[in-house]
Number of protein chains: 2
Amino acid sequence: MFSFKRLFSFVSEMRTPIEYSEKQIAIINAAEKLFAEKGFDGASVRDIAQEADVNVAMISYYFGSKEKLMEAVFEERTVNIKLKVENLLQDKSITPIQKVNILIDDYVDKFIHQQQFHKIMMREQMINKHTPVAALIHELKKKNLESIRTLIQEGQKTGAFKKNIDIVLMMTTMVGTVSQMLTSQHFYRTLNNMEHMDDMEFQRHIRKKLSTHLKNLFKQMITNE
Amino acid sequence: MFSFKRLFSFVSEMRTPIEYSEKQIAIINAAEKLFAEKGFDGASVRDIAQEADVNVAMISYYFGSKEKLMEAVFEERTVNIKLKVENLLQDKSITPIQKVNILIDDYVDKFIHQQQFHKIMMREQMINKHTPVAALIHELKKKNLESIRTLIQEGQKTGAFKKNIDIVLMMTTMVGTVSQMLTSQHFYRTLNNMEHMDDMEFQRHIRKKLSTHLKNLFKQMITNE
DNA sequence: TAAAACTAAACAAACGTTTAATTAATTTAT
DNA sequence: ATAAATTAATTAAACGTTTGTTTAGTTTTA
């Protein structure tokens with residue numbers, strides 16, 4: 001009576017994606033969906049197993065525990081979540097303000113395309129416990145912030161940007177606005193009489209709305225008029 | 001074997017506060033704290049009872065169920081949560097932009113002073129179910145929005161404000177920025193080397209920060225330069 | 001034929017809620 | 001005013017479910 005349990009670690013530097021089987025992926029997808037909908041405690045392992053069309057025991061078998069399954073969801077979904085600032089920074093053909101705009105679009109896109117996972121992240125940040133998942137989020141945010149800081153400093157050197165920019169506060173507005181839109185999108189939809197739209201169309205709409213809105217806000221925050 | 005159970009209803013027009021006993025208030029306070037910390041499913045009735053220093057059975061006895069206790073928390077905390085726009089609107093001695101600024105301060109204050117409850121509200125909005133609590137939030141948001149819409153329209157009539165203002169998007173940025181600050185205040189604190197500050201001082205700091213920041217953003221969004 | 005994948009059943013612990021009994025407070029009757 | 005009667009408040013224990021996890025066995029794969 002032996003059982004094979006997949007081992008993985010939370011190494012953030014040069015993390016390599018883990019190759020999961022079809023069933024394992026089905027479990028991770030189901031977990032992501034239900035954790036996003038009902039929260040970690042609200043979603044039972046039996047719920048998840050049923051959603052993934054898999055025996056309950058498979059969750060412990062493959063992931064060890066419910067907690068570890070959550071970590072696997074994070075591991076899987078954060079592999080390529082980093083903003084594409086690295087390449088952006090070296091590009092001399094585009095202006096700093098254009099780079100910032102690209103970054104905004106990149107962030108909004110990532111958010112829209114990973115709504116479920118971002119809901120989970122928002123919930124986990126609220127809990128404020130010292131879990132591996134919390135550490136991962138913290139690290140992720142810190143890295144994103146550093147990248148943006150470099151980008152802003154570049155703009156400041158050329159004189160295109162203001163001197164005193166509160167980058168954390170600025171990011172708070174970006175992340176907050178997009179999160180709030182995600183959280184209250186049903187409210188936004190009914191209020192603007194957009195129930196007739198199909199989901200894809202509506203997603204495109206708020207994507208464009210957020211992008212334009214944030215670009216305007218950022219322009220005001222970082223440039224000298 | 002009879003038991004007295006307090007009845008209350010979710011009438012939003014002219015809601016009258018319910019007079020709770022000391023123990024009932026203790027339960028509501030404990031519930032608010034633990035629901036905010038761990039979420040509805042994460043906080044058990046035994047946790048809550050212990051925090052309130054009360055027998056577990058008292059929760060069912062006074063409130064009927066855990067679900068109803070949550071409703072009682074909402075009932076209790078939303079009684080005087082409406083923004084003070086009504087009186088503000090009639091005041092002719094202050095300009096529309098001043099009114100908007102007062103409103104921002106009012107909102108930030110309410111948020112800062114009711115952080116636990118706002119965490120609960122954020123969580124409940126994410127769930128997106130058709131519960132009494134969700135209906136209450138929806139109604140609350142709608143009313144706040146209508147008040148602000150009136151205020152904005154007043155400014156537009158005098159020519160002080162722009163014509164095309166997306167009020168919902170504007171509110172999304174206000175609520176989102178403040179919520180995000182609440183969610184990630186620990187992150188903000190460590191990043192700005194403010195761990196040495198005591199909590200009260202830090203609260204004052206982010207209150208001022210948010211206030212100034214939002215006023216700048218709003219000015220840009222609603223005025224003609 | 002050995003290892004891995006998979007299953008139904010069982011596990012103990014925790015869950016929200018109810019019960020049955022007791023104590024405390026309030027009302028009614030004398 | 002005091003005793004009796006009634007109602008409310010409070011408790012420990014038990015209720016039946018559901019929880020996450022493990023076991024022991026079976027099927028599948030290599």
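What's counted below: heavy atoms across the whole structure, side chains too, no hydrogens, waters or symmetry copies. Throughout, protein chains are lettered first and strands after them, A, B, ... in sequence-line order, and every chain is numbered starting at 1. Please read these numbers as outputs of a predicted model, since none were measured by experiment.
- We find that CE of Met58(A) is positioned 14 Å from P of dT28(D), with the value rounded to whole Å.
- Contact annotation: Tyr61(B) reaches the phosphate of dA9(D) (side-chain N/O to OP1 or OP2, under 4.0 Å).
- For the OP1/OP2 pair of dA5(C) and a distance below 4.0 Å, the side-chain nitrogens and oxygens of Lys23(A) include no atom meeting the criterion.
- Note on ring orientation: taking the six-membered ring where Trp is involved, the planes of Tyr188(B) and Phe202(B) are tilted (angle from 30° to 60°).
- Here dA5(C) presents its P atom at 12 Å from CZ of Phe63(A), a figure rounded to the nearest Å.
- Gln180(A) and Gln180(B) share no donor-acceptor pair across their side chains, judged by distance under 3.5 Å alone.
- Aromatic ring centroids of Phe117(B) and Phe74(B) lie under 6.0 Å apart.
- Donor-acceptor pairing under 3.5 Å is lacking for the side chains of Thr177(B) and Thr172(A).
- Here the C1' atom of nucleotide dT19(D) and the CD atom of Gln50(A) are 15 Å apart, to the nearest Å.
- Out of dA12(D), dT7(C), dT21(D), the shortest distance to the side chain of Val56(A) is found at dT21(D).
- Contacts classified as salt bridge (charged side-chain N to carboxylate O under 4.0 Å, His left out) and involving residues 47-58 of chain A (residues at least two apart or in different chains) are given here: Lys33(A)-Glu51(A), Lys38(A)-Asp47(A).
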Side chain to side chain contact (heavy atoms under 4.5 Å, CB included) between Ile48(A) and Phe35(A), worked out: CA-CA 9 Å; Ile48(A) 296 167; Phe35(A) 285 158; 3.8 Å; yes
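- Spacing between atom CD of Glu22(A) and atom C1' of dA4(C) amounts to 17 Å, rounded to whole angstrom units.
- Distance Gln24(A) CD to dA4(C) P: 13 Å, rounded to the nearest Å.
- For the pair Lys68(A) NZ and dG20(D) C1', the interatomic distance rounds to 14 Å; values are reported in whole Å.
- Distance CD1 (Ile59(A)) to P (dT22(D)): 13 Å, rounded to an integer number of Å.
- Here dA5(C) presents its C1' atom at 15 Å from CG of Asp53(A), a figure rounded to the nearest Å.
- For the ring pair (Phe, Tyr, Trp, His ring centres under 6.0 Å) test, no residue two or more places apart in sequence or in another chain qualifies with His113(B).
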Polar-atom pairs under 3.5 Å, protein N or O versus N or O of nucleotides 13-15 of chain C: list them with distances, or write none.
none

